[in-house]
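Atoms within each ligand, like the ligands themselves, are counted from 1 in listed order.
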Amino acid sequence: MVPAAFEYRAPTSLPEALELLREHGDEAKVMAGGQSLIPLLKLRFAAPAVVVDIGRVPGLTGISAGGGTLRVGALTRHVDVERDTGLDALCPILREAAPQIADPLVRNRGTVGGSLCHADPAGDWGAVMLALDAELVASSPAGERVIPAAEFFQGPFTTALRPDEVLTEVRIPAAGAGQSAAGAYLKLERKVGDFATVGVAVQVRLANGEVERAGIGLTAVGPSSLKAGAAERSLAGRAPTDEAIAEAARLASEAAEPRDDIRGSAAYKKDVVRVFVQRGLRSAVARAQEAAR
Ligand SMILES: Cc1cc2nc3c(=O)[nH]c(=O)nc-3n(C[C@H](O)[C@H](O)[C@H](O)COP(=O)(O)OP(=O)(O)OC[C@H]3O[C@@H](n4cnc5c(N)ncnc54)[C@H](O)[C@@H]3O)c2cc1C
């Protein structure tokens, strides 16, 4: 199908983009890589009067570390994460998740910010950012607002962003002195390039041989990307023993709210969550212990 007619605007600065959003309100739609928006326009599930293409806005791409924070610009493409070897030491879960998203064509154009703003419950970055306790930075004509990932996803394809806001950056906290951190992303898909049947993101921070903090995010097993809070809390302050990991995996499985569909039954998906959380935690702990050596 052909999209309904819309006005196309391509601002060359953030203030210009924000002014367009202020002017047109919810009649406008931001476009980043267009990998989700363009199909929606073609199917006429979305029919905005104005499309604001932010692809020419400078300063929204790139990954940088400093001051205890890893910053990922909203327009950073999936492929940029996939190819950034520096992330292996800084935040391995990002490079593990990126190549599991879609196919090379989509990864070459789709952006981290676009994926988060699209808020598909089966989108992979949501669970990763929940596990990392990331913060999402939104800009509007009123200024900047920092939204914890745990408050960002509000339902299927629904976020805490207002129509006049642009997501500009994702901030990921780094491990502090005396701590080591690492994560893992596990995805079950029917075939390469498919959306997840189940995805699990885990991140652990170790200090003195104990789990100082654990983050667990779940993909495609609920109305949005889910944070398995009880499972996370069950590990805090404990040694990462087999028993502690098994208990966290059981709690994460309880937190999952999957549905029966063509990808599998709800009971099957819950069990995949349990198994993946167990495997993910073991890998993450091993990586964090290795990083501490
Ligand atoms: C065939 C196919 C397979 C895919 N498989 C997967 C998969 O396995 N896993 C996965 O995670 N994803 C998958 N995707 C989705 C893909 O990751 C998209 O790249 C992503 O969902 C959207 O990113 P984008 O930059 O293209 O955003 P766009 O399509 O441009 O925008 C998506 C939405 O976000 C809004 N938006 C975008 N950027 C911003 C911003 N900075 N501020 C405010 N609002 C913004 C737009 O208004 C729109 O509503 C797939 C897509 C396709 C077409």
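Sorted by first and then second residue, the pairs that involve residues 101-118 and meet side-chain hydrogen bond (donor to acceptor under 3.5 Å, both in side chains), not counting sequence neighbours, are E82-R107.
Screening V275, D271, L218, V221 for a side chain to side chain contact (heavy atoms under 4.5 Å, CB included) with V198, the sole residue that qualifies is V221. Of the options L136, V30, V137, a side chain to side chain contact (heavy atoms under 4.5 Å, CB included) to L167 is made by L136 and by none of the others.
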Exercise answer: donor-acceptor pairs, residues 146-160 side-chain atoms, under 3.5 Å, sequence neighbours excluded:
from	atom 1	to	atom 2	distance (Å)
T158	OG1	P156	O	2.9
T159	OG1	L161	N	3.1

Can R287 and E96 be said to form a salt bridge (charged side-chain N to carboxylate O under 4.0 Å, His left out), step by step?
-> CA-CA 13 Å; R287 288 172 180 174; E96 189 158 78; 2.8 Å; yes
Chi angles and distances behind the side-chain contact (heavy atoms from CB on, under 4.5 Å) call for V200, T219 | CA-CA 6 Å; V200 164; T219 304; over 6 Å; no
Chi angles and distances behind the salt bridge (charged side-chain N to carboxylate O under 4.0 Å, His left out) call for D133, R213 = CA-CA 10 Å; D133 272 347; R213 185 204 151 263; 2.8 Å; yes
Under the side-chain contact (heavy atoms from CB on, under 4.5 Å) rule, what do V112 and V81 come out as? Steps first, then yes or no, please.
-> CA-CA 9 Å; V112 174; V81 180; 3.9 Å; yes
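The K29 neighbourhood of ligand 1 comprises atoms 47 (O), 49 (O), with distances under 4.0 Å to a heavy atom of that residue. Under a 4.0 Å criterion applied to the non-hydrogen atoms of D124, ligand 1 contributes the atoms 7 (C), 8 (O), 9 (N), 10 (C), 11 (O). Under a 4.0 Å criterion applied to the non-hydrogen atoms of K187, ligand 1 contributes the atoms 7 (C), 8 (O), 9 (N). In summary, the atoms of ligand 1 found under 4.0 Å from a heavy atom of I54, numbered by their order in the structure, are 41 (N). Residue-ligand proximity, D194 to ligand 1, at heavy-atom distances under 4.0 Å covers atoms 8 (O). Each of the atoms 30 (O) of ligand 1 lies under 4.0 Å from some heavy atom of M31.
Here the straight-line distance linking atom CZ of R171 with atom CE of M129 works out to 13.5 Å at 0.5 Å rounding. Here CH2 of W125 is found 8.5 Å from CG of L116. Values are rounded to the nearest 0.5 Å. Rounding to the nearest 0.5 Å places CG of D260 at 7.5 Å from NZ of K269. For the atom pair CZ (R56) and CZ (R9), the distance works out to 12.5 Å, reported to the nearest 0.5 Å.
For the pair T197 and R190, the minimum side-chain heavy-atom distance is below 4.5 Å.
Closest heavy-atom approach to atom 19 (O) of ligand 1 among the candidates G110, G73, A102: G110. Across E189, H118, Q35, heavy-atom proximity to atom 53 (C) of ligand 1 is greatest for Q35. In this structure, of A119, G33, S115, A196, the residue bringing a heavy atom nearest to atom 23 (O) of ligand 1 is S115. Atom 43 (C) of ligand 1 has its nearest heavy-atom neighbour, among C117, A138, G193, in C117. Here the shortest heavy-atom distance to atom 22 (C) of ligand 1, taken over G126, S36, A17, belongs to S36. Nearest-heavy-atom check against atom 28 (P) of ligand 1 across A28, A220, G114, G34 picks out G34. Counting only non-hydrogen atoms, the option in L167, T219, T168 that gets closest to atom 41 (N) of ligand 1 is L167.
Among all non-hydrogen protein atoms, the one lying nearest atom 31 (O) of ligand 1 is L37 CB, 4.0 Å. In terms of protein heavy atoms, atom 13 (C) of ligand 1 is closest to F195 CE2, 3.2 Å.
Only side-chain heavy atoms of H78 come within less than 4.0 Å of ligand 1; its backbone N, CA, C and O stay farther off. Counting heavy atoms under 4.0 Å from ligand 1, residue L161 touches it through the side chain alone. Of all the heavy atoms of L60, none lies under 4.0 Å from any atom of ligand 1, so neither backbone nor side chain is involved. Only the side chain of V106 comes within contact range of ligand 1, with a heavy atom under 4.0 Å; no backbone atom does.
Under a hydrophobic-cluster definition in which Ile, Leu, Val, Met, Phe, Trp and Tyr are linked whenever side-chain heavy atoms come within less than 4.5 Å, directly or via other members, Y185 and L188 are assigned to different clusters.
Any N or O atom pair closer than 3.5 Å counts here, and V30 shares at least one such pair with ligand 1. Considering backbone and side-chain atoms together, T111 places an N or O closer than 3.5 Å to an N or O of ligand 1. Taking distance alone, with nitrogen or oxygen atoms compared against 3.5 Å, P39 stays at or beyond that limit from ligand 1. Checked against a 3.5 angstrom limit, the closest N/O atoms of W125 and ligand 1 fall outside it.
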